[in-house]
Number of protein chains: 2
Amino acid sequence: MPRSSDPPAPAAVTAAARSPTGRARRNTGRSVLSDVAKLAGVSTATVSRVYNEPDKVSANVRERVEQAALTLNWFPNAAGRALASTRSHIAGIIIPTLDDQVFASQVSGMQAAFAARDITLFLGCSNYDPAQALVQVRAMLARGVEAMAVVGEAHPAELFDALRLYRVPYAVTYAYREGSPHDCIGFDNHAAYAEITEHLIGFGHRSFAVCIQPTRDNDRVQARVAGIRSTLERHGLAVRPEHMLEGASTIAFGRASLRALWQLPGERPTAIICGNDHIALGVLREAEELGIAIPAQLSVTGFDDLAMSRETRPTLTTMRVDTYEIGQLAARHLLDALDGKPARKGYRVPVALQARESTGPCAA
Amino acid sequence: MPRSSDPPAPAAVTAAARSPTGRARRNTGRSVLSDVAKLAGVSTATVSRVYNEPDKVSANVRERVEQAALTLNWFPNAAGRALASTRSHIAGIIIPTLDDQVFASQVSGMQAAFAARDITLFLGCSNYDPAQALVQVRAMLARGVEAMAVVGEAHPAELFDALRLYRVPYAVTYAYREGSPHDCIGFDNHAAYAEITEHLIGFGHRSFAVCIQPTRDNDRVQARVAGIRSTLERHGLAVRPEHMLEGASTIAFGRASLRALWQLPGERPTAIICGNDHIALGVLREAEELGIAIPAQLSVTGFDDLAMSRETRPTLTTMRVDTYEIGQLAARHLLDALDGKPARKGYRVPVALQARESTGPCAA
DNA sequence: TTGTAAGCGTTATCAA
DNA sequence: TTGATAACGCTTACAA
């Protein structure tokens, strides 16, 4: 066989490299397992064992093989390995976007936990588009992922169907919902926003505005809005339609929202519940500009507890969530599933309200 | 063959599934290409063509194959495909950490650009540890990545040797250095900090402090410090050793640094150059606490131009870098290399100084 | 345009 | 403990 690592051979070999009807052998310059076997004077099976079941090989042989591999600069090819075994050592995660720190750190947590078990992570971003998420999941299945994590439940049924059809263990992250058909690893968005709402109602607020991310195709945000609504309802309250604003999770949206709310005719809200700290920071900033006293005239809440939120004047009341931990827990949950361990249905990760200066008694 | 998708067969088949000396056929319940071929009544080659060179197949046959694939719920297995062709359709990127937005958005840019060409991205985080970076690169090579991006040049020689040995096109991102042996796609850290320093010198500052990330194993930060130093030197100036502070890129480090600097005996700096906006935001915040007037008493600069930096009082002078674009450019550069297009040595991405309120004339 | 069959680099079964 | 070899699921050179 005309391998680069073979001993020098007559030119005629080139012709012999062609099999009767098959194609010519490719010459990549890369050594393969059989080269190592030849150099070490053992069979391919033995070389394989050295790397997969080392203690089934005598120390002497093992050393010879490792030496040979080193000289030839060889390491196992993952595609070949995946094909021959049933394991790909690949897991996948689909997140909406890396531009949001909460998802980035979730990926970070999964990555670390999987790496400790020699599993590499395929990353896909759906850009909040269910269709893209489905495409990405299909691509990952084709790549033979052994496990998958997807953010949220708001995905096409085909997505979960495919995962089940191919028996790939998966977890829904970031969101935890009682009664979900999936293994959820995250927090209860509904409860978290109910808690925020109660916190404000406790201060005597009765007129609320909400500045939040787009609800479309986003079960987490929908749950949050539902949490706010049902809590208010229990107190005989509701958010006026014109006080319900959806937009990007940016400082700019927060600023624009407050300005718009303040220009509206009629009664002004005394509390604004924001979809995250970026939006809330924008509201705080615009309030300063408009001369609105916080919390005297207006209470503001965020979500995520960015480092910045402890530093603003006034400091921001928000909810702390450990997304890195969510990633780690999800990875461990999936690893357990791969190990055939009895599976828990999921984990509810706790959130912690950080009551700070931006919320206070209602003046009105 | 005992495939789940095969027509019902006599029980005897189970025995026949064993080849004379080989192992039994695996029964995964998953259809494979040959199942599709059988169902469509064509050869395996034809099925393959339908997906790889569709116009070499008659419309009639193509339709039959696609129908069969649909019924069997089949799609090509990436490992098999990678093994048979020479393409894996995988690229890799190694970044220090996802916790820093600049790297997260770089990954985001690469991901998008690669996805448009049907290439999936393997993600690795080195946690600023050269040894981990090397391990990750090796893992990616084993997985058959077709191209790689690594952040920065400060990596073990073996890392780049391995990449070259296996002829995997790679790019060094985030940093651009004239005369680098690698294809660099990023900005010139040295020049960027030289520009910041000149900006401050132009305001008459002569006593500087630097609050920056750890320089160890980090060529980008080293280049920044060198940029500051050489610029000062040209003006006969230097940073006193006690005014040179290294630490995490956090608000907390910024705050602690300013407090420490202000407690130091001797002449105080009139300008502080920070390694990024987080640190600078901390300095700004602590200055407010300590009653230090900015920029009257002290000028402060950041780096990265976070959205927040436009919103603080005073607003922060900083440098804008488009890291998402760096990711996109890197991906395109690597795609060009894969396409065999004439390779540019790299790209120098521009940075733009955002002169804002936190810098001004030196009062001293 | 379509079919045949070797070959991609491993693992795993069975026999020695 | 080690070796021989089929099989993993696909692509591709060549023949038809």
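Keep in mind it's a predicted model, so treat the numbers as computed, not measured. Just so we're on the same page: letters track the sequence lines, and every chain starts at 1.
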Any N or O donor-acceptor pair linking the side chain of A:Thr44 to the base of D:dT5 at under 3.5 Å?
yes
Any N or O donor-acceptor pair linking the side chain of B:Arg30 to the base of D:dG9 at under 3.5 Å?
no
Base, sugar-phosphate, or nothing for [X], non-hydrogen atoms under 4.0 angstrom?
X       : answer
A:Ser58 : sugar-phosphate
B:Tyr51 : nothing
A:Val47 : nothing

Check the pair B:His333 / B:Asp183 against side chain to side chain donor-acceptor pair (under 3.5 Å), numbers first and verdict last.
CA-CA 9 Å; B:His333 179 80; B:Asp183 289 10; 2.7 Å; yes
For [X] and [N], is the shortest distance between a side-chain N/O and OP1 or OP2 below 4.0 Å?
X       : N      : value
B:Ser85 : D:dC10 : no
B:Asn77 : D:dC8  : no
B:Thr46 : C:dG3  : yes

Check: [Y] and [X] side chains under 4.5 Å, non-hydrogen atoms:
X        : Y        : result
A:Tyr166 : B:Arg30  : yes
B:Tyr347 : B:Ile326 : no
A:Ser31  : A:Asn73  : no

Starting at [atom1] of [X] and ending at [atom2] of [N], how long is that distance when rounded to a whole Å?
X       : N      : atom1 : atom2 : answer
A:Leu83 : D:dA6  : CG    : P     : 17 Å
B:Glu63 : C:dT2  : CD    : C1'   : 18 Å
B:Trp74 : D:dG9  : CH2   : C1'   : 9 Å
A:Glu53 : D:dT2  : CD    : P     : 13 Å
A:Lys56 : C:dA16 : NZ    : P     : 19 Å
A:Phe75 : C:dT11 : CZ    : P     : 14 Å
A:Asp55 : D:dT1  : CG    : C1'   : 12 Å
B:Arg49 : D:dT11 : CZ    : C1'   : 10 Å

Shortest side-chain distance from [X], nucleotide among [options]:
X       : options               : value
B:Arg81 : D:dT11, C:dT10, D:dT2 : D:dT11
B:Ala45 : C:dA5, C:dT10, D:dA4  : C:dA5
B:Asn52 : D:dG9, D:dT11, D:dG3  : D:dT11
A:Ala84 : C:dT2, C:dG9, D:dT11  : C:dG9
A:Ser43 : C:dT2, D:dA4, C:dT11  : D:dA4

For A:Lys56, look at atom NZ and say whether over 12 heavy atoms of other residues, nucleotides or ligands are found less than 6.0 Å away.
no
5′-ward residue of the pair B:Gly80/B:Gly41 relative to DNA chain C:
B:Gly41
Can A:Asp339 and A:Arg332 be counted as an ion pair, charged N to O under 4.0 angstrom?
no
